[in-house]
Amino acid sequence: LVDDDRDRALAWRARIRAGTSPAPKAAHGPLRVLLIVGPRLAGDAAAKISSPLWPHEQSDLAPDRDVVFGRLPNGLRYALRHNQKPRDRVSLHLVVNAGSINETDSQQGIAHFLEHMLFLGTDKYPDAAEYERYITEHGGSRNAYTSYEHTNYFFDVNAPYLAEAL
């Protein structure tokens with residue numbers, strides 16, 4: 001995550017918390033997708049790290065009215081938001097509620113290591129550089145980061161190329 005993106009995300013979060021997020025706009029244009037998944041944990045750890053509720057469902061802060069929240073039959077939570085800019089672009093984030101906090105002393109670094117493993121090739125893109133090439137050739141970028149509590153995989157691409165990018 002580049003510093004400029006991080007700064008924008010933190011500023012957006014601060015506006016949400018302060019109740020000064022922008023007024024809703026028409027729901028058309030490119031689609032921004034956020035998928036959130038979490039590990040199955042037991043006891044207090046499950047309650048603290050992998051709540052079945054969205055944060056706004058446990059708070060007096062209202063979410064952005066442009067965001068549609070939902071849950072798939074398999075329990076995967078999602079949030080969808082249409083954006084006007086950049087035009088004809090799609091962004092997808094997959095947030096896994098597991099980060100370095102979930103590691104034991106003997107596992108330190110494994111979450112970050114696994115984050116990098118995603119970009120070493122898949123059945124669809126066996127060559128490690130092939131996925132990166134597809135994304136960049138179609139106007140996009142991809143990256144990931146591991147934090148204390150979660151791992152975030154994300155990419156953006158020109159909208160007509162979304163299906164193949166998935």
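For the single chain, residues carry numbers from 1 onward in sequence order.
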| field | Intermediate values then yes/no, side-chain contact (heavy atoms from CB on, under 4.5 Å), Asn97 and Glu149 | value | CA-CA 6 Å; Asn97 286 336; Glu149 296 178 333; over 6 Å; no

| field | Asn158 CG to Arg89 CZ distance, which is reported to the nearest 0.5 Å | value | 5.0 Å

| note | Asn102 and Gly99 have their tightest heavy-atom pair at OD1-N, 2.8 Å

| His82 and Val67: CA distance, side-chain angles, deciding distance, side-chain contact (heavy atoms from CB on, under 4.5 Å) verdict | CA-CA 8 Å; His82 288 273; Val67 178; over 6 Å; no

| query | For the atom pair OH (Tyr148) and CD1 (Ile101), what is the distance rounded to the nearest 0.5 Å? | reply | 3.5 Å

| request: Determine the minimum heavy-atom distance between Ser100 and Ala111, stating which atoms define it. | output: N-CB, 4.4 Å

| task | Starting at CZ of Phe155, measure out to OG of Ser141 and round the result to the nearest 0.5 Å. | result | 10.0 Å

| Side-chain touch Pro63/Phe69, heavy atoms, less than 4.5 angstrom | yes

| Is Leu120 reachable from Leu114 through a run of I, L, V, M, F, W or Y residues, each pair having side-chain heavy atoms under 4.5 Å apart? | yes

| remark: So the salt bridge (Lys or Arg N to Asp or Glu O under 4.0 Å) pairs with at least one residue in residues 132-143 (sequence neighbours excluded) are Asp127-Arg133, Glu132-Arg142

| query | What closest approach, in Å, do Ile135 and Ala165 show between heavy atoms, and which atom pair accounts for it? | reply | CD1-CB, 3.8 Å

| field | side-chain contact (heavy atoms from CB on, under 4.5 Å) evaluation trace for Glu130 with Lys124 | value | CA-CA 9 Å; Glu130 191 176 1; Lys124 188 172 185 178; over 6 Å; no

| task | Establish, from distance only, whether the side-chain atoms of His150 and Ser147 form a donor-acceptor pair under 3.5 Å. | result | yes

| Inter-residue atom distance Thr146.OG1 - Phe113.CZ, 0.5 Å rounding | 12.0 Å

| message | Is it the case that the ring center of Tyr145 lies less than 6.0 angstrom away from the ring center of His112? | response | no

| remark: Taken to the nearest 0.5 Å, the spacing of Tyr125 OH from Tyr134 OH works out to 5.5 Å

| said: Assess the residue pair Phe154 and Asn143 against the criterion (side-chain contact (heavy atoms from CB on, under 4.5 Å)); give the C-alpha distance rounded to whole Å, side-chain angles, the decisive distance to 0.1 Å, and a yes or no. | reply: CA-CA 6 Å; Phe154 55 95; Asn143 211 335; 3.5 Å; yes

| field | Distance-only side-chain donor-acceptor flag, Thr151 / Glu115, under 3.5 Å | value | no

| message | Are Leu166 and Tyr161 linked, directly or through intermediate hydrophobic residues, by side-chain heavy-atom contacts shorter than 4.5 Å (ILVMFWY only)? | response | yes

